[in-house]
Amino acid sequence: MHVLITGGAGFIGSNLVAYHINKGDKVHVIDDLSTGRIENISLFLEHLNFKFDEVDILVWKELEKAVAWADRIYHLAAVVGVFRVLKEPISVLATNIAGCERLLRVVHSTDWNTKLIIASSSEVYGNRFEYELLSEDMELHISPGHNSRWNYSISKLADEAFALSYARQYNIDVTVVRFFNIIGPNQTGKYGMVVPRFVHQAVRAEDITIYGDGTQQRAFLDVRDAIIYLDLLSNNPLSRAEVINVGTAREITINQLAYLTKEFAQSSSNITYTSYEDAYGKDFDEIYHRKPNLEKLLRLTNHSPKWTLEETLTDLIQREQTKEL
Ligand code: UDP
């Protein structure tokens, strides 16, 4: 199979590269290396089945050719991470929406029946923590006002609407996945993600920085399970033109996560508390809990996660310790 991965040098993308190369597929990555890192794919650069182009999906002239070659496309190229979203509110909207629309337009212009997976995010559910479970068919609310945190959410909702409209109008074979707190190798804490930050801090005996009071909850899914879900969804015709949560059900507080990371790393770090305002600036809307309804995902894939949070943390701590040596 020929697999094109936009944003393939990023966290989820690079794990997908490893997965498909190991299966014997041919993989082509395009990435502008804005948040993606060449180290994430350096193992594959000389591989016969691997090709990398450092390009901007918005303007790259050979996108048509790359799309026509592909049996499957994962669209992951996006401006991501809370810190980056707050710092670059315009490029979040412009890049994320225009990149996705261009890709859909190009897929439509080729005759080849490519399977397209579009990455969306649990951020589209906004601040709906009055709900125990977040379901794909629930109504979505974006908080109005001057808070650019929600620009990411708006951009992903626009991508979803584009994807479903192309599916409806032109019969493009597309599936939208809403990722919920995916963690694992190659994820960087630079743009805000909590698990790589805590692991980095614990291994270096730096302060483990909890934002808020640490009672907020998240459910973390290992990326190696997430990509199995993506592969199974891609192979299931019933996922066509559907929006599907990809996550796990087990929630944990950020306090528990901090203590678990400290314990597993046998770290002498102090655990500290910083207000949301100091961490993210004024008027930041925090999400207190976020748990996916996984009925649809389980019905379409019949897969249960192989990695527990404890196993993922142990693995990430070991990798971080090796980096330190
Ligand atoms: N968080 C934290 N310390 C950090 C980074 C993040 O306490 O150094 C918190 C953050 O405020 C949020 C949770 O951890 O409540 C998850 O943050 P992340 O950015 O990983 O995911 P998201 O908020 O998008 O679910």
Side-chain angles (χ1 to χ4, degrees), residues 10-12 35 78-88 92 96 119-129 131 134 142-143 147-157 177-223 226 245-262 265 267 269-292 309 312-313 316 320:
F11 159 50
I12 298 178
T35 49
V79 178
V80 296
V82 183
F83 292 159
R84 195 157 170 227
V85 168
L86 293 173
K87 208 166 137 236
E88 301 173 40
V92 170
N96 294 3
S120 182
S121 161
S122 56
E123 279 282 311
V124 300
Y125 291 108
N127 235 335
R128 313 217 62 193
F129 37 82
Y131 288 85
L134 300 170
I142 302 280
S143 305
N147 193 330
S148 42
R149 157 173 203 150
W150 299 112
N151 282 16
Y152 181 69
S153 178
I154 291 165
S155 76
K156 287 294 169 184
L157 271 178
V177 290
R178 289 180 178 161
F179 288 124
F180 280 70
N181 293 92
I182 311 297
I183 56 169
N186 297 352
Q187 188 175 36
T188 165
K190 208 164 138 197
Y191 307 105
M193 278 75 167
V194 67
V195 169
R197 289 175 66 79
F198 282 6
V199 167
H200 179 100
Q201 291 162 343
V203 167
R204 287 167 184 76
E206 294 169 6
D207 286 355
I208 298 179
T209 56
I210 294 177
Y211 299 158
D213 66 4
T215 57
Q216 69 271 32
Q217 302 188 348
R218 294 292 188 274
F220 295 100
L221 176 70
D222 192 290
V223 67
N245 288 340
V246 173
T248 187
R250 179 180 160 205
E251 281 187 306
I252 176 171
T253 67
I254 298 303
N255 279 327
Q256 287 167 323
L257 178 71
Y259 282 98
L260 209 59
T261 312
K262 180 176 152 93
S267 167
S269 292
N270 292 315
I271 294 181
T272 63
Y273 290 84
T274 306
S275 68
Y276 290 129
E277 184 163 342
D278 286 346
Y280 300 116
K282 223 167 141 282
D283 296 329
F284 183 81
D285 291 332
E286 169 60 320
I287 293 167
Y288 290 101
H289 97 115
R290 180 148 78 187
K291 185 170 161 184
L309 177 61
T312 306
L313 278 180
L316 294 179
E320 198 69 32

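We count ligands from 1, going down the list as the structure has it; atoms in each ligand are counted the same way.
- Nearest to atom 20 (O) of ligand 1 among the protein's heavy atoms is V194 N, 2.8 Å.
- Annotation: atom 19 (O) of ligand 1 to nearest protein heavy atom, G192 O, 3.5 Å.
- For atom 10 (C) of ligand 1, the nearest protein heavy atom (residue, atom name, distance) is Y280 OH, 3.1 Å.
- Between Q201 and ligand 1, a contact under 3.5 Å exists for no N or O pair.
- Paired with I183 under the rule side chain to side chain contact (heavy atoms under 4.5 Å, CB included), one option of V223, V195, V194 passes, and it is V195.
- Side chain of Q216 to backbone of Y211: a donor-acceptor contact under 3.5 angstrom is found.
- For atom 8 (O) of ligand 1, the nearest protein heavy atom (residue, atom name, distance) is R197 NE, 2.7 Å.
- Atom 12 (C) of ligand 1 has as its closest protein heavy atom E286 OE2, 3.3 Å.
- Remark: minimum distance from atom 7 (O) of ligand 1 to any protein heavy atom is reached at Y211 N, 2.7 Å.
- Put simply, the side chain of K156 gets close to the backbone of A119: a donor and an acceptor are under 3.5 Å apart.
- Annotation: the span from E286 atom CD to Y280 atom OH amounts to 6.0 Å, rounded to 0.5 Å.
- From the protein, the heavy atom lying nearest to atom 23 (O) of ligand 1 is R218 NH2, 3.1 Å.
- For I254, every heavy-atom contact with ligand 1 shorter than 4.0 Å involves the side chain, none the backbone.
- Remark: ligand 1 atoms within the under-4.0 Å shell around heavy atoms of E123 are 24 (O).
- Checked by atom type, the side-chain pair D213/T215 shows a donor-acceptor distance below 3.5 Å.
- Residue contacts with ligand 1, taken as heavy atom pairs separated by less than 4.0 Å, involve N181 solely via side-chain atoms from C-beta onward.
- With hydrogens left out, the protein atom closest to atom 22 (P) of ligand 1 is R290 NH2, 3.2 Å, a heavy atom.
- Counting only heavy atoms from C-beta outward, the side chains of R290 and E123 approach each other to under 4.5 Å.
- Enclosure of atom CZ in F83 by more than 12 non-hydrogen atoms of other residues, nucleotides or ligands within 6.0 angstrom is indicated.
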